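Written below as structure tokens is the structure these notes are about.
Remember, it's a predicted structure, so these values are computed and weren't measured experimentally. Both backbone and side-chain heavy atoms feed into the values below; hydrogens, waters and symmetry mates do not.
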Amino acid sequence: MDIHRITGVIKDYPWGNDYFIPKLLGIPSDGPMGEYWMGAHPSGDAKVEGVVSLSHVIEEDPERILGPETFGRFGSRLPFLFKVLAINNPLSLQCHPTKKQAEQGWLKESRARQEGLSCNYQDDNEKAEIIEAITPVTAMCGFLPLDRIKENFDVFIPSSSRKFGLVRDSIKDIFFALYGLGEDQKTEVLWEFKSNLVQKNDKMKTGDFLTYKGVAMEALDEYPGDIGALAPIFMNIVHLVPGEALYLEPDTLHAYVYGNGVELMSASDNVLRGGLTHKKVDLGELSSIMSFEPSCPEKVAMSKDSCGRLAAPVPSDAFLLLSCRKGDYVVEGPETAILLAVEGDVRISQGGETLLLKKGQACFIPYCAGSYSMSVESLAFMAKVPD
């Protein structure tokens, strides 16, 4: 059988929760587990049948494993990275580069890498991404309209806004005014912000979702002194119910805040941070790749593919996210994909043989496997290279 079980890599990021990934994988809880990587990225290379790395399997015969078209576009590299996210506290405010920006940044930092210095770019690839909620998810994504930002500043930091001249004629100027404050000034702004948040009777949560106040209070508690805690009053708050998905263009400032889901992205680990982090923040480089235009995030419109799987189409030639609810599916023709059983078993049949995936188990489906069928007991997700 050409389809093989794979074991991913757990990332114990401190913002992760301590229950979702352990329960999914059937392992003991040992502190926060933020992400579970399934792919062939150097920072987290999955193991095939628990023995050899997925990247090694691909490199042995990339055209056969990935298919001629994918090999022609991406070489011997699996072009996507598939993850499970388990979020307990806000991730850093971040933005990712386009392909051109990543290539330029990677080249610019070549000497710094050779000298072992800290760099912004981990590879020369773009990083577009999509998240689909398994449980309710709260996120921040893109800037609010300029007038809304000004109104929020008048409500939550009126004294600081006037004192430090924070209200400007463009979102970019407001952003730089905020991030250009001295430490004592930031402390004063954040104290006024927290005081006004506490005085308002607004709820911290609505059902399973964090409100703007809940997000702000979480950020203030987790990252004291970080001006990024103001993000809930200058960015959009987005809520995803299970089954809903959000696509993020590479130049969009965003942060996942709470909940559990699957994430699929270009095979890149390029992250430019803008706050809510103890890691490096390079404001100049961040602003060079980030869009300061206001946006109105739209959830991805789902549609069924020819096999009956629910697809979340996005403008990327590197990845396509699919969900498979209870039922039987016949996939005609070859595809390069990773399949994850999230609830219940999945049985995959190919060439007269059957592979059983229990909850939390995943497999790699190479192009050379050709047609196959699968029976999904409850819920599975797939990451594949688009046709």
Does [X] reach the main-chain N or O of [Y] with its side chain, forming a donor-acceptor pair under 3.5 Å?
X: Gln185; Y: Gly182; answer: yes
X: His254; Y: Gly142; answer: no
X: Glu103; Y: Asp124; answer: no
X: Thr211; Y: Met204; answer: yes

| Closest heavy-atom contact between Tyr121 and Gln101? |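 Nearest pair, atom of Tyr121 first, then Gln101: CE2-O, 4.0 Å.
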
Would [X] and [Y] count as having a side-chain donor-acceptor pair, cut-off 3.5 Å?
X: Thr135; Y: Asn260; answer: yes
X: Thr7; Y: Arg5; answer: no
X: Asn270; Y: Asp123; answer: yes
X: Glu293; Y: Ser291; answer: no
X: Ser53; Y: Ser55; answer: yes

Quick one: salt bridge (charged side-chain N to carboxylate O under 4.0 Å, His left out) pairs with a partner in [range], sequence neighbours left out?
range: residues 10-24; value: none
range: residues 361-370; value: none
range: residues 45-71; value: Asp2-Arg64

So, do [X] and [Y] sit near enough that their side-chain heavy atoms are less than 4.5 Å apart?
X: Leu66; Y: Pro366; result: no
X: Phe364; Y: Leu54; result: yes
X: Phe20; Y: Leu25; result: no
X: Glu188; Y: Phe164; result: yes
X: Leu24; Y: Val84; result: yes
X: Glu109; Y: Asn120; result: yes

Other members of the hydrophobic cluster containing [X], with the 4.5 Å side-chain heavy-atom rule, please.
X: Leu357; value: Met1, Ile3, Leu320, Leu322, Tyr329, Val331, Leu339, Val346, Ile348, Leu355, Ile365, Tyr372, Met374, Val376, Met382
X: Val241; value: Phe209
X: Val330; value: none

Could you state whether [X] and [Y] fall into the same hydrophobic cluster, counting links through intermediate Ile, Leu, Val, Met, Phe, Trp or Tyr residues with side-chain heavy atoms under 4.5 angstrom apart?
X: Ile6; Y: Met33; result: yes
X: Leu146; Y: Leu230; result: yes
X: Val385; Y: Phe71; result: no
X: Leu190; Y: Leu178; result: yes
X: Leu310; Y: Phe82; result: no

Test of understanding: with side-chain contact (heavy atoms from CB on, under 4.5 Å), list the residues that count as partners of [X], not counting sequence neighbours.
X: Ser316; value: Val314, Ala318, Phe319
X: Thr187; value: none
X: Glu222; value: Asn89
X: Lys358; value: Asp345, Leu356, Gln361

| Pair Glu285-Lys108, salt bridge (Lys or Arg N to Asp or Glu O under 4.0 Å): steps then yes or no | CA-CA 11 Å; Glu285 193 64 29; Lys108 183 170 60 177; 2.8 Å; yes

Salt bridge [X]-[Y], side-chain N to carboxylate O under 4.0 Å:
X: Glu126; Y: Lys100; answer: no
X: Glu335; Y: Arg309; answer: yes
X: Glu129; Y: Lys83; answer: no

| Looking at Ile171, Thr252, Asn236, Ile174, which one forms a side-chain contact (heavy atoms from CB on, under 4.5 Å) with Phe143? |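 So, applying the side-chain contact (heavy atoms from CB on, under 4.5 Å) to Phe143 and each of Ile171, Thr252, Asn236, Ile174, only Ile171 qualifies.
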
| request: May I have the step-by-step check of side-chain hydrogen bond (donor to acceptor under 3.5 Å, both in side chains) for Arg168 and Ser170, ending in yes or no? | output: CA-CA 6 Å; Arg168 305 293 180 90; Ser170 72; over 6 Å; no

| request: Using the ring-ring contact (aromatic ring centres under 6.0 Å, His included) rule, collect all pairs that involve residues 24-65, keeping only residues at least two apart or in two chains. | output: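 Applying ring-ring contact (aromatic ring centres under 6.0 Å, His included) to every pair that reaches into residues 24-65, excluding sequence neighbours, yields Trp37-His41.
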
| query | So, Tyr212 versus Phe156, ring centres under 6.0 angstrom or not? | reply |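 For Tyr212 and Phe156, the ring centres are under 6.0 Å apart.
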
| message | Could you go through Asp328 and Arg347, starting from their C-alpha distance and side-chain angles, then the distance that decides it, and tell me whether this counts as salt bridge (Lys or Arg N to Asp or Glu O under 4.0 Å)? | response | CA-CA 9 Å; Asp328 297 322; Arg347 293 181 183 275; over 6 Å; no

| request: Output all residues satisfying ring pair (Phe, Tyr, Trp, His ring centres under 6.0 Å) with Tyr13, sequence neighbours left out; order by chain, then residue number. | output: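 Tyr13 satisfies ring pair (Phe, Tyr, Trp, His ring centres under 6.0 Å) with Trp15 only.
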
